[in-house]
S.K.: 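Structure in structure tokens, see below.
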Amino acid sequence: MSDLHEPVLAWYDEHARELPWRSPAATAWSVMVSEFMLQQTPVARVLPVHEAWLRRWPTPGDLAAEPAGEAVRAWGRLGYPRRALRLHAAAVAIVEQHDGEVPPSYDDLLALPGVGDYTAAAIATFAFGRRHVVLDTNVRRVLARVATGVELPAASVTRAERTLAAELLPPDDPTAATWSVAVMELGALVCTAAGPRCGACPVAGLCAWRRAGHPAYDGPPRRVQAWAGTDRQCRGRLLAALRETEGEVTQARLDATWDDQLQRARSLAGLVEDGLVVRTPRGTYTLP
DNA sequence: TAAACGTGGAA
DNA sequence: TTTCCAAGTTT
């Protein structure tokens, strides 16, 4: 399977996007911020927020010194605002436990709020050049197609997938790091979920899925997330009102964001429970 | 393990 | 217009 290395690495060398967090000058903190923002959010929407974030908070200490609410506000409309809260909490932990420096070890990274297996491996790999299996949705899809011959991977990472990815990882640290980002990029630009561009793929000739005639996905139905009318949409409306207001927001202002009183109250309580919103003694609401 | 958790652009 | 889905984590 190491037949894949040379063509994928060569393709990446020629086609990789220039992204701020891939710059040789990028700090580990810049990489970490990008990984948080890129969780379930497209690159195009992350770019401007990432730039503003790093300009305002060049180090973990700069962010940790401000209230968490400032992180939530600066997060803007990237979505999943609990990530902003967790990034702030991670910055605080880095100051308190790691002398203000993003730790290079996978285990230390994994212990930070909002950092799971993927993000820990990604930061250790892309910021510090360490050798880890980086399994994101792109890598999983590429390997499912090229090596396994199916259109899409299972709902969650399987043992077999992790073993395969580990076997494919080049032995030396720097090549392993480039390989991981290269496979991710291939999945993002060529071997996409909807319309794979096999004509532009450097390993089309080695692809098991292509060889099998591109059989359609044959697994259990992939559940689509409902949106309209959900608590998530309601929470989004409420938090948007908080973000766009400096200081306290009245109950009346929040009431205007959503018709269903019961759902509105439940969603607001959830935001308070999550720490994204604080209720003041006056009955108004603010960011934390 | 499955469900909850935002948002907006592309097909 | 509706559906899909984008560098996941947490509980």
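We use all heavy atoms of the structure for the numbers below, so side chains are in, but hydrogens, waters and symmetry mates are not. Convention: sequence-line order gives letters A, B, ...; per-chain numbering from 1.
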S.K.: Pick one: which of A:Ile123, A:Asp108, A:Leu110 meets side chain to side chain contact (heavy atoms under 4.5 Å, CB included) with A:Pro103?
M.R.: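 Going through A:Ile123, A:Asp108, A:Leu110 one by one, the side chain to side chain contact (heavy atoms under 4.5 Å, CB included) with A:Pro103 is satisfied by A:Asp108 alone.
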
S.K.: Between atom CD in A:Gln263 and atom P in B:dC5, what is the gap in whole Å?
M.R.: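 Roughly 10 Å, once rounded to whole Å.
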
S.K.: Is A:Arg243 touching bases, backbone alone, or none of the nucleic acid, heavy atoms closer than 4.0 Å?
M.R.: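 Since only primed, P, OP1 and OP2 atoms lie under 4.0 Å of A:Arg243, the category is sugar-phosphate.
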
S.K.: Give a yes or no on whether the backbone of A:Arg159 and the side-chain of A:Thr163 come within a donor-acceptor separation of less than 3.5 Å.
M.R.: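 A pair under 3.5 Å: yes.
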
S.K.: When all nucleic acid strands are considered with a 4.0 Å heavy-atom cut-off, which category describes A:Leu78: base, sugar-phosphate, or nothing?
M.R.: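 If one applies the 4.0 Å heavy-atom cut-off, A:Leu78 turns out to touch a base.
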
S.K.: So what does A:Arg77 touch, heavy atoms closer than 4.0 Å: a base, only the sugar-phosphate, or nothing?
M.R.: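 It contacts sugar-phosphate atoms only.
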
S.K.: With rounding to the nearest 0.5 angstrom, report the OG1 to OH distance, A:Thr137 to A:Tyr118.
M.R.: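 Between A:Thr137 OG1 and A:Tyr118 OH, I get 10.5 Å after rounding to 0.5 Å.
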
S.K.: How does protein contact run along nucleotides 4-11 of chain C, one letter per nucleotide 5' to 3', with B for base contact, S for sugar-phosphate only, - for none, heavy atoms under 4.0 Å?
M.R.: SSBBBSS-

S.K.: Which of these, A:Thr27, A:Val33, A:Leu47, sits in a side chain to side chain contact (heavy atoms under 4.5 Å, CB included) with A:Trp21?
M.R.: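 Of the listed residues A:Thr27, A:Val33, A:Leu47, the side chain to side chain contact (heavy atoms under 4.5 Å, CB included) partner of A:Trp21 is A:Leu47.
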
S.K.: On the 0 to 90° scale, with breaks at 30° and 60°, tag the A:Trp11-A:His15 ring pair as parallel, tilted or perpendicular.
M.R.: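 Judged by the thresholds at 30° and 60°, the geometry between A:Trp11 and A:His15 is parallel.
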
S.K.: Just wondering, are more than 12 heavy atoms of other shown residues or ligands nearer than 6.0 Å to CD in A:Glu101?
M.R.: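 Result for CD/A:Glu101: open.
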
S.K.: In whole angstroms, how far is the C1' atom of B:dT7 from the CZ atom of A:Arg232?
M.R.: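 Whole-Å distance recorded here is 10 Å.
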
S.K.: Nearest-Å distance, CG (A:Leu85) to P (B:dG6)?
M.R.: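 A:Leu85 atom CG is separated from B:dG6 atom P by 11 Å.
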
S.K.: If I take atom CG in residue A:Leu238 and atom P in nucleotide B:dG6, what distance separates them, rounded to the nearest angstrom?
M.R.: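 A:Leu238 atom CG is separated from B:dG6 atom P by 11 Å.
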
S.K.: For a quick test of reading the model: is some side-chain N or O of A:Arg83 closer than 4.0 Å to OP1 or OP2 of B:dA4?
M.R.: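 False: A:Arg83 side-chain N/O out of range (4.0 Å or more) of B:dA4 OP1/OP2.
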
S.K.: Given the P atoms of B:dA3 and C:dA7, what is the spacing between them in whole Å?
M.R.: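 Taking atom P in both B:dA3 and C:dA7, they lie 23 Å apart.
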
